[in-house]
Asks: 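Dumping the structure here so I can ask a few things about it.
Every chain is numbered from 1, with letters handed out A, B, ... down the list of sequences. Here the structure is a predicted model, which is why all the values come from computation and not from measurement. The figures that follow rest on heavy atoms only: side chains count, while hydrogens, waters and symmetry mates do not.
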Protein chains: 2
Amino acid sequence: MTEELKIGRVAREAGVNIQTVRYYERRGLVSPEGYRDSGYRLYTDEAVRKIRFIKNAQELGFTLDEIARLLKLRIGRRTQCGKVRTQAQSRLKIVQGKIEALRGMERVLNRLIHTCARRGTTDACPILESLEEGRRRK
Amino acid sequence: MTEELKIGRVAREAGVNIQTVRYYERRGLVSPEGYRDSGYRLYTDEAVRKIRFIKNAQELGFTLDEIARLLKLRIGRRTQCGKVRTQAQSRLKIVQGKIEALRGMERVLNRLIHTCARRGTTDACPILESLEEGRRRK
DNA sequence: CTTGACTCTATACTTTGGTACACGGTTTAT
DNA sequence: ATAAACCGTGTACCAAAGTATAGAGTCAAG
C-alpha cells in the first residue's frame with residue numbers, strides 16, 4: 001500500500017520548500033488526502049508527482065493558473081466530455097506552438113555551434129532569427 | 001535605409017509598454033542605437049525584433065537573465081569561439097529538454113482528446129503522466 | 001516522559017517583471 | 001507660435017510566486 005506522507009517528506013521528495021506546498025494548496029493545486037486529529041496534513045505520493053509536474057510545467061512557461069487547469073483536465077463519469085475536449089484542444093495548440101518556437105531556437109543554436117567550428121563570425125544577433133515566424137520579413 | 005524610431009513607435013510595434021522598453025534597457029537587453037541632443041532614444045527595427053524575441057522566449061519559460069545570455073550569443077572577430085560554443089551547447093540542451101517535455105504533454109493531450117471521443121472516463125489525473133520521464137515509475 | 005524534530009496558522013517580507021504617476025522638456029502639425 | 005502628442009528622469013506601486021518568522025501545538029525515540 002502507498003504510505004501516508006507528512007508535508008515535510010512531500011516537500012523534500014518534490015524538491016520544494018514546505019511553504020510552497022502549503023501555498024499550492026491555497027492556490028488549489030495540491031490538496032492533502034486527509035488530516036490527522038492534530039491538523040497535520042497527510043499526503044500520498046500523488047502529491048509528490050503533482051508538485052514535480054508543476055515545477056516542470058513552470059519551466060515551460062505555464063503559470064500556476066494554467067497549470068491548475070491542466071491538472072483538472074480529466075474525464076469523469078459525470079463530466080461534460082465536450083468541455084474537456086475543447087479545453088484539451090486549446091491547450092494542445094499552445095503546447096504545439098511552444099514546440100515550434102523551441103525548434104526554431106534549436107535550429108539556430110545548432111547552426112551557431114557548427115558555424116563556430118568552421119569559419120569565423122556570425123552576423124549581429126543570430127538568435128533573433130528564431131521565434132520570428134509569420135511576421136513581416138524585411 | 002532603416003529609419004530611426006523613437007521609443008513610442010518601438011513599443012507600439014513590439015506590442016509592449018514604453019516603460020517596458022526602458023526597463024529592458026536597464027536590464028541590459030535592448031539599447032538604443034543613439035540619442036538625440038534632447039536625450040530622446042533612437043532605435044532601429046532590430047530593437048523591435050529583439051523585444052518580440054524576448055516576449056516569445058518568456059512564454060517558453062526563460063527568465064530575462066537567460067534571455068540576455070541568448071541575445072549575447074554571437075561570434076565576433078575577437079570573441080573566443082570556444083566560449084560561445086560551450087554556451088550555445090548548454091542552451092541547446094535546455095531547449096531540447098523543453099521540447100521533450102512538451103512532446104510528452106502533447107502526447108497526453110492527444111490521447112485525452114481521442115479517449116474522449118470514444119468511451120468514457122480517464123484515470124485520476126492523466127496529465128501527470130507527461131513530464132515524468134526518468135523518475136521512479138511505480 | 002522528556003527533548004528534538006516536526007507541524008500548525010498567521011503575518012510579513014522578497015524577487016522578478018513590469019506599470020503608473022509626477023513633473024518637466026521637446027517635436028510637430030496647423 | 002502654440003497646442004497636442006512625445007519623451008526624459010525619478011519614484012512609487014503592482015501582481016505572481018514564493019520564503020521567512022513568530023508563537024504554539026504534536027510526534028517519536030531513547
Side-chain angles (χ1 to χ4, degrees), chain A residues 3-45 47-48 50-72 94 131, chain B residues 3-45 47-48 50-72 94 131:
Chain A
E3 264 187 290
E4 300 206 305
L5 310 171
K6 283 180 287 176
I7 197 171
R9 184 87 189 283
V10 169
R12 226 176 315 115
E13 299 222 343
V16 302
N17 195 303
I18 288 186
Q19 274 75 282
T20 303
V21 180
R22 292 199 274 247
Y23 176 69
Y24 288 167
E25 184 179 348
R26 282 204 299 288
R27 294 289 305 257
L29 291 159
V30 183
S31 307
E33 230 43 36
Y35 294 87
R36 213 178 269 196
D37 288 1
S38 57
Y40 280 28
R41 293 161 176 82
L42 294 173
Y43 299 89
T44 62
D45 60 347
V48 176
K50 259 190 187 172
I51 293 166
R52 286 193 188 132
F53 174 85
I54 293 166
K55 284 305 181 189
N56 284 318
Q58 281 184 313
E59 298 277 290
L60 300 172
F62 294 97
T63 66
L64 289 185
D65 282 349
E66 292 176 307
I67 294 167
R69 261 176 286 152
L70 283 169
L71 286 171
K72 279 180 202 116
I94 291 165
L131 312 196
Chain B
E3 264 187 291
E4 300 208 304
L5 311 171
K6 284 181 286 177
I7 196 170
R9 184 89 189 282
V10 169
R12 226 176 315 116
E13 300 224 342
V16 301
N17 195 305
I18 288 187
Q19 273 76 282
T20 304
V21 180
R22 293 199 273 246
Y23 176 68
Y24 288 167
E25 184 179 347
R26 283 206 297 290
R27 294 288 306 257
L29 290 160
V30 183
S31 306
E33 231 42 37
Y35 294 87
R36 215 178 269 194
D37 287 2
S38 58
Y40 280 28
R41 293 160 174 82
L42 295 172
Y43 298 89
T44 63
D45 61 345
V48 177
K50 260 190 186 172
I51 293 166
R52 286 193 188 132
F53 174 85
I54 293 166
K55 284 303 178 188
N56 283 319
Q58 281 184 313
E59 297 278 289
L60 302 171
F62 293 97
T63 66
L64 290 186
D65 281 350
E66 291 174 308
I67 294 167
R69 262 175 285 149
L70 283 169
L71 286 172
K72 279 181 202 118
I94 291 165
L131 312 196

Asks: What's the closest nucleotide to the side chain of A:T20 if the choices are D:dA17, D:dT19, C:dT19?
Replies: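 It is D:dT19.
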
Asks: Mind calculating the distance between CG (A:L64) and P (C:dT16) to the nearest angstrom?
Replies: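 Taking CG of A:L64 and P of C:dT16, I get 17 Å after rounding.
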
Asks: Figure out the CD1/C1' separation between A:I7 and D:dT26, and round it to whole Å.
Replies: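 It is 15 Å, rounded to the nearest whole Å.
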
Asks: Taking 4.0 Å as the cut-off, does a side-chain nitrogen or oxygen of B:R22 come that near to OP1 or OP2 on D:dT9?
Replies: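 Checking B:R22 against D:dT9: no side-chain N or O falls below 4.0 Å of OP1 or OP2.
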
Asks: Using whole Å, what does the distance between atom P of nucleotide C:dT27 and atom CZ of B:R9 come to?
Replies: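 So the two atoms are 18 Å apart, to the nearest Å.
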
Asks: What integer distance in Å separates A:E59:CD from D:dA17:P?
Replies: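 After rounding, the gap between these two atoms is 14 Å.
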
Asks: Nearest to the side chain of A:S38, which nucleotide is it out of D:dA20, D:dT26, C:dT28?
Replies: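 Closest nucleotide to the A:S38 side chain: D:dT26.
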
Asks: Can you tell which of A:N17, A:I7, A:V30 makes a side chain to side chain contact (heavy atoms under 4.5 Å, CB included) with A:R22?
Replies: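 So, applying the side chain to side chain contact (heavy atoms under 4.5 Å, CB included) to A:R22 and each of A:N17, A:I7, A:V30, only A:I7 qualifies.
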
Asks: With nearest nucleotide decided by heavy atoms, which residue, A:Y40 or A:Y24, maps closer to the 5′ end of DNA chain D?
Replies: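 Its nearest nucleotide being more 5', the pick is A:Y24.
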
Asks: Does B:N17 put a side-chain nitrogen or oxygen below 4.0 Å from OP1 or OP2 of C:dG18?
Replies: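 False: B:N17 side-chain N/O out of range (4.0 Å or more) of C:dG18 OP1/OP2.
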
Asks: If I take atom CD in residue B:E66 and atom P in nucleotide C:dG17, what distance separates them, rounded to the nearest angstrom?
Replies: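 It works out to 9 Å between those atoms.
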
Asks: Look at B:K55 and C:dG17 and indicate whether a side-chain polar atom (N or O) is within less than 4.0 Å of OP1 or OP2.
Replies: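 Answer is no, no contact under 4.0 Å.
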
Asks: Are any of the side-chain heavy atoms of B:I67 and B:Y24 separated by less than 4.5 Å?
Replies: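 Side-chain contact under 4.5 Å: no.
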
Asks: To the nearest Å, how far apart are B:R26 CZ and D:dG8 C1'?
Replies: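 About 13 Å, once rounded to whole Å.
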
Asks: Which nucleotide in the set C:dT7, C:dC21, C:dT27 lies at the smallest distance from any side-chain heavy atom of B:Q19?
Replies: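 So the side chain of B:Q19 is nearest to C:dC21.
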
Asks: In whole angstrom, what separates A:I18's CD1 from C:dC6's C1'?
Replies: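 Taking CD1 of A:I18 and C1' of C:dC6, I get 8 Å after rounding.
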
Asks: Report which part of the nucleic acid B:R41 touches: base, sugar-phosphate, or nothing (heavy-atom distance under 4.0 Å, all strands).
Replies: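 Sugar-phosphate, no base atom in range.
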
Asks: Rounded to the nearest 0.5 Å, what separation is found between the CG atom of B:D65 and the CG atom of B:L29?
Replies: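 If we round to the nearest 0.5 Å, B:D65:CG and B:L29:CG are 8.0 Å apart.
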
Asks: Can you tell me if A:Q58 touches the phosphate of D:dA16, counting only side-chain N or O atoms and a distance under 4.0 Å to OP1 or OP2?
Replies: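 The answer is no; no side-chain N or O of A:Q58 sits under 4.0 Å from OP1 or OP2.
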
Asks: Among A:K6, A:E33, A:R36, A:E25, which residue meets the side chain to side chain contact (heavy atoms under 4.5 Å, CB included) test with A:R41?
Replies: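 Exactly one pass, corresponding to A:E25.
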
Asks: Can you identify which nucleotide, out of C:dT27, D:dC27, D:dA17, has its nearest atom closest to the B:R36 side chain?
Replies: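 Comparing C:dT27, D:dC27, D:dA17 against the side chain of B:R36, the answer is C:dT27.
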
Asks: OH of A:Y23 versus P of C:dT7: gap in Å, rounded?
Replies: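 Computing the A:Y23:OH to C:dT7:P distance gives 21 Å.
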
Asks: Do any N or O atoms from the side chain of A:R9 and from the backbone of A:E4 form a donor-acceptor pair under 3.5 angstrom?
Replies: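 No; zero donor-acceptor contacts below 3.5 Å.
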
